[in-house]
Amino acid sequence: MAGHAHSHHGDAHHPNEGCNGHGHGHTHAPKVTEQNRKRVGLAAVLTGLFMIAEVAGGLISGSLALLADAAHMMTDFAALAMAWAAFQIARKPANSRFPYGYDRVSILVAFINGLTLFAVAIWIVWEAFHRFLSPGNILAGPMLYVAIAGLMVNLIVFKILMGADQENLNIRGAVLHVLGDLLGSVAAIAAAVIILMTGWVVADPILSVLVALLILRSAWGLIKASAHILLQGAPDNSEQIETDLSSNIRGLHEVSRLRIWSMTNDCVVVTMSATVDSDSSIEDIKHAIRNRLSEQFNIQDATLDLTKRPSSNQTVP
């Protein structure tokens, strides 16, 4: 029996080589991460400083819209601080306990940020309900000035964050926080103008609820995306990969097992078992598969287990 025709060729492949810049050409990643870290840090400082002013303005004016915006700004500050810490932790190199490094900390922070957005939105709706039933006095003048200042600060922070990597879920979570805060400032300005012109104080809680609904929508998208990665779900194009490889890699035949999952939003891992032609070079086919995965699907980490098919003239005892 020609047992060599069934030789088993698995990879002696270290999992951290593909997703941590230690192989396959991710040399730009540390630079991008450092830029993200610096931008998030600056945004956190600006947000934290103005948060104090907005809390005071909300208490003095009696405006729910301002207090809601201040509460959201407080979660912004916490979210940005956590995002900065996540980028700081992610700089630590991979080790034997964490072979893929600490990049997934940023996904966990993004998930927590989504949950805090939900909590803030629910609090705003609850408080607005009580304000709607029992409207209080609102000093629309101070409310307007503080809201305008808040809008300016939020626009600056938003511009800072938009210069960072928008594919990063941690950055995306921070941007959504600031975008919600920006909308809150717009709502507070609108409510202040309406109260100044008409005296209709109910505009304050009504506009606050509209902002809360927008926040909820953004929060759900962030929670869904980050939870999918935390559960190591497959990327959207995973079903195309097996078909693409079978169609474009010469000598590759039956794929008996293909597993694809996400470690972070920019790190997808593949493990695959398959058979190849008996007269094909397993190393050449591995090389072709890795090139195809990298070029067509931006997948840098693949563990391949290939077995040669029996040759057509092989006899079975």
Side-chain angles (χ1 to χ4, degrees), residues 16 19-21 26 29-51 70-95 97-123 154 157-184 214-233 235 261-269:
N16 62 324
C19 293
N20 279 294
H26 273 247
K31 182 178 179 181
V32 172
T33 300
E34 183 64 14
Q35 290 174 349
N36 289 342
R37 188 182 68 86
K38 289 180 178 179
R39 286 180 178 274
V40 166
L42 178 58
V45 170
L46 290 174
T47 301
L49 290 175
F50 188 77
M51 174 193 70
H72 190 203
M73 216 161 197
M74 183 165 60
T75 65
D76 285 353
F77 173 71
L80 290 165
M82 285 193 298
W84 181 87
F87 283 125
Q88 191 76 8
I89 293 170
R91 299 166 75 189
K92 296 174 65 176
N95 54 50
R97 291 192 64 195
F98 298 97
Y100 281 93
Y102 295 81
D103 286 345
R104 283 170 67 83
V105 172
S106 65
I107 308 300
L108 180 61
V109 167
F111 182 75
I112 293 171
N113 281 343
L115 293 179
T116 59
L117 282 166
F118 249 89
V120 168
I122 291 170
W123 177 82
N154 284 318
V157 172
F158 187 73
K159 182 176 176 60
I160 290 171
L161 292 177
M162 287 304 290
D165 176 20
Q166 297 305 304
E167 294 298 316
N168 185 286
L169 273 184
N170 209 11
I171 292 293
R172 197 170 130 197
V175 168
L176 287 176
H177 267 277
V178 175
L179 185 58
D181 212 14
L182 199 153
L183 292 172
L214 291 172
I215 292 172
L216 281 173
R217 183 183 177 190
S218 299
W220 173 245
L222 181 62
I223 289 173
K224 185 178 178 182
S226 54
H228 183 79
I229 293 176
L230 288 174
L231 293 172
Q232 296 186 338
W261 68 94
S262 304
M263 291 299 297
T264 67
N265 57 298
D266 57 359
C267 173
V268 176
V269 178

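Not measured: the values here are computed from a predicted model.
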Side-chain heavy-atom pair [X], [Y] within 4.5 angstrom cut-off:
X: Ile171; Y: Phe87; answer: yes
X: Val178; Y: Ile160; answer: no
X: Trp261; Y: Val268; answer: no
X: Met263; Y: Ile107; answer: no

With rounding to the nearest 0.5 angstrom, report the [atom1] to [atom2] distance, [X] to [Y].
X: Leu49; Y: Phe77; atom1: CG; atom2: CZ; result: 8.5 Å
X: Leu216; Y: Ile122; atom1: CG; atom2: CD1; result: 6.5 Å
X: Leu179; Y: Met162; atom1: CG; atom2: CE; result: 9.0 Å
X: Thr47; Y: Leu161; atom1: OG1; atom2: CG; result: 7.5 Å

Identify the two heavy atoms, one from [X] and one from [Y], that lie closest to each other, and give their separation to 0.1 Å.
X: Leu222; Y: Ala110; result: CD2-O, 3.5 Å
X: Val109; Y: Ala83; result: CG1-N, 3.9 Å
X: Phe118; Y: Trp220; result: CE1-N, 3.8 Å
X: Ile223; Y: Phe111; result: CG2-CE1, 3.7 Å
X: Gly114; Y: Ala219; result: O-CB, 3.6 Å
X: Arg104; Y: Ile229; result: NH1-O, 3.3 Å

Between the side chain of Thr116 and the main-chain N/O of Asn113, is any donor-acceptor distance below 3.5 Å?
->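 A pair under 3.5 Å: yes.
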
